[in-house]
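Below is one structure, written out as structure tokens, with a few remarks after it.
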Amino acid sequence: MPATYSYNKKEKLKSRKLLDQLFTKGKSVSAFPLKVFYGVLPAETTETVQAGVGVSARNFSKAVDRNRIKRLLREAYRLNKTALHDALHAQQKKAAVFILYVGKEKPEFATLNEMMPLVLQKLIAAIAKS
RNA sequence: CUACAAACCCGAGCUAUCGCUCCGUGUAAGCGGGGAGGAAAGUCCGGACAGUAUAGAGCAACCCACCGGUUAAGCGCCGGCUCUUGGCUAAGCCAAGACGAGAAAGUGCCACAGAAAAUAACUACUUCCGAUGCAAAUCGGGAGAAAAGGUGAAAAUGUGAGGUAAAAGCUCACGGUCCCGGAAGGUAACUUUCGGGAUGGGUAAACCUUGGGUACUGUAAUGCCAUGUAUAGGACUGUUUGAGGGCGGCUCGUUCGAGGUCCAGGGUAGGCAGCAAGAUCACGUCAGUAAUGGCGGGGCCAGAUAAAUGAUAGUUUAGAAACAGAAUCCGGCUUAUGAGGUUUGUAGUUUU
RNA sequence: CGGGACGUAGCGCAGCCCGGUAGCGCACACGUCUGGGGGGCGUGGGGUCGCAAGUUCAAAUCUUGUCGUCCCGA
């Protein structure tokens, strides 16, 4: 098991190929203002979950705002990811996840920290069905 | 003292917990250290670096445009010159700006108004001829003439005198502007001055002319390693009757030359170098009016590849709230910017 | 990282090259035709020409800077 609240390089979704697959073929669940794309990781991956975060440049034209939102998303994911990890571990599954912020207002950390567990619960439910 | 405007400076600090990225060390856990900006932005100039090219001629295209300095370079910066505008008040000084070669090579344009907007004759003026008339004068035709005239952004070099039928730089004097030649000062632009000549409206951010200059492409460049597919299908075209490519865009010319173009489909989309010690940073000192440069000892100061600086709590300050996030790197320019500070200017109030 | 185009009335566009009057369609207001609506016809209002500076007698138009929007290539 990795450290409880870590979010380092290995846990990030980095492969351009996987990202393309995720957006073209992957499924998604959403809980406004968050939207999560998910898919299955190749079997040889060592990590249980690889996750990425993103914001649309269309909604936030300034790089400072996008960086800020991505930092908040990473922070929220880092603090709430334990449930997802445990669930996947129990089901012997490995998932690729991409969390997208689709709102148009700059968020507060507190609201993101509330929404993140909700959307992750939805995600766990959706993965359990498939 | 208050308010406003402009320029410049500055662009929060500390503690705890949980995290991110790079480097060092370590088998590992961990430990230690570095970690966004003055604009990192716009991409407007200039370079470094890299690849390709580096026979030639003509044409085209683009850029620059007072002088000197500075620099790796520049359409930057510094200093000066000239002009324009404003102020003080005046033969000067101060401030700001200049896309600051040429309108005396040519072409074009100058609305409205006005006779006329660039080979000026409409009115008025002078004169000659003819007609009418006793005459004054009127009418018609020709010539002279830019001195007077409303207009307009702009009207043919200004004032005075002579001159004439009436006039006119037609002539003269003093000026304005321009050209040529000389002298003095200045590195130069240029300034002052002497002599001679000319008198030509504006516009080149209209075409253009003159002088000078310009290889192209950009770090997703480029070099290397690895993985993988179809030694792979169709159509058209070509192999000395030369397809296609290189030589800056075109033409000529020259050279390489056996493949080239399109359609459909398949695969890869890891990694390493480039990549961060440099036209470097701050300090001191010297040279220079300054920009800037020399010297001295000292420091090492982001380096990712979905892309690192954050979250929470406390605290200091007056309430952490501005503009804003490196992506090859530098030098400039431009634009954005809260609070506070400094300086300058404007306005108002109070006191003397 | 590099390249290009566009900002004109509420909306969509012309005018810009080659400077002097800002125009077209829809929409809007009023009138009229109709018993009324729709529709037709007529009249009218409405524009800091994105912003700033400059050139010029004069700028939507030319030049420079700047802001915004959109597109393209790798």
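Convention: sequence-line order gives letters A, B, ...; per-chain numbering from 1.
Residues A:L73 and A:Y101 are in side-chain contact: their nearest non-hydrogen atoms beyond the backbone lie under 4.5 Å apart. In this structure, the side chains of A:I124 and A:Q121 come closer than 4.5 Å at one or more pairs of heavy atoms. Considering only heavy atoms from C-beta on, A:K27 stays 4.5 Å or farther from A:F37 through its side chain. For the pair A:V36 and A:L100, the minimum side-chain heavy-atom distance is 4.5 Å or more.
Pairing partner, B:U126: B:A143, with both Watson-Crick or wobble hydrogen-bond distances short of 3.5 Å. Partner assigned to C:G46 is none, using Watson-Crick or G-U wobble distances below 3.5 angstrom. Under the Watson-Crick or G-U wobble criterion, with both distances below 3.5 Å, B:U21 is paired with B:G34. In this structure, B:A65 forms a base pair with B:U210, meeting either the Watson-Crick or the G-U wobble geometry with both donor-acceptor distances under 3.5 Å. Nucleotide B:G56 forms a Watson-Crick or G-U wobble pair with B:C252, both donor-acceptor distances falling under 3.5 Å. Remark: B:A3 base-pairs with B:U346; criterion is Watson-Crick or G-U wobble with both hydrogen-bond distances under 3.5 Å. Pair check for B:C109 finds B:G202; Watson-Crick or G-U wobble, both atom distances under 3.5 Å. For B:C174, the paired base is B:G158 (Watson-Crick or G-U wobble, both distances below 3.5 Å).
Note: CG (A:N80) to C1' (B:C18) measures 13 Å, nearest angstrom. For the pair A:K62 NZ and B:U335 P, the interatomic distance rounds to 18 Å; values are reported in whole Å. At whole-Å resolution of the value, OH in A:Y77 and P in B:C20 are 13 Å apart. Atom C1' of nucleotide B:C22 and atom CG of A:N8 are separated by 14 Å, given to the nearest angstrom. In this structure, A:E11 atom CD and B:A307 atom C1' are separated by 17 Å, rounded to whole Å. Atom-to-atom, NZ of A:K81 to C1' of B:G19 comes out at 11 Å; the value is rounded to the nearest Å. Straight-line distance from the CG atom of A:D65 to the C1' atom of B:A40: 16 Å, rounded to whole Å.
At distances below 3.5 Å, not a single donor-acceptor pair connects side-chain atoms of A:K70 with backbone N or O atoms of A:V53. Looking at A:Y77, its side chain never comes within 3.5 Å of a backbone N or O of A:I99 through a donor-acceptor pair. Put simply, the side chain of A:N113 never gets that close to the backbone of A:F109: no donor and acceptor are under 3.5 Å apart.
With C1' as the reference atom, C:C49 and B:G213 are 39 Å apart, rounded to whole Å. C:A52 and B:A101 have their C1' atoms separated by 29 Å, with the value rounded to a whole Å. B:G274 and B:G297 have their C1' atoms separated by 35 Å, given to the nearest Å. Straight-line distance between the P atoms of B:G212 and B:U171: roughly 42 Å, to the nearest whole Å. Distance noted for atom P between B:U328 and B:A304: 13 Å (whole Å). With C1' as the reference atom, C:A27 and C:G47 are 15 Å apart, rounded to whole Å. Taking the P atom of each, B:C122 and B:A146 are spaced 15 Å apart, rounded to whole Å. B:C207 and B:G108: their P atoms are spaced 16 Å apart (whole Å).
Taking the O4'-C1'-N9-C4 or O4'-C1'-N1-C2 dihedral as appropriate, B:G201 has a value more than 90° from 0 and is therefore anti. Regarding the sugar-base torsion, B:G38 falls in the syn class, its angle being within 90° of 0. For C:G12, the O4'-C1' to base torsion is more than 90° from 0; the nucleotide is therefore anti. For B:A36, the base adopts the syn conformation, since its glycosidic angle falls within 90 degrees of zero. Base orientation of B:C301: syn, the glycosidic angle falling within 90° of 0.
Here the shortest heavy-atom pairing between A:A95 and A:I127 reads CB-CD1, 4.3 Å. Heavy atoms only, all atoms of each residue included: A:S30 and A:K122 are closest at O-NZ, 2.9 Å.
Note that NZ of A:K81 is 12.0 Å distant from CG of A:L88, once rounded to the nearest 0.5 Å.
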Sugar-phosphate or base contact per nucleotide [nucleotides 308-315 of chain B; S, B, -; heavy atom under 4.0 Å]: SSBSS---
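Between A:G52 and A:V64, the residue whose closest nucleotide on RNA chain B is further toward the 5' end is A:G52.
Dashed line: the shortest gap from a side-chain N or O of A:K9 to OP1 or OP2 of B:C22 is under 4.0 Å.
Across all strands shown, A:N113 has no heavy atoms under 4.0 Å from either base or sugar-phosphate atoms.
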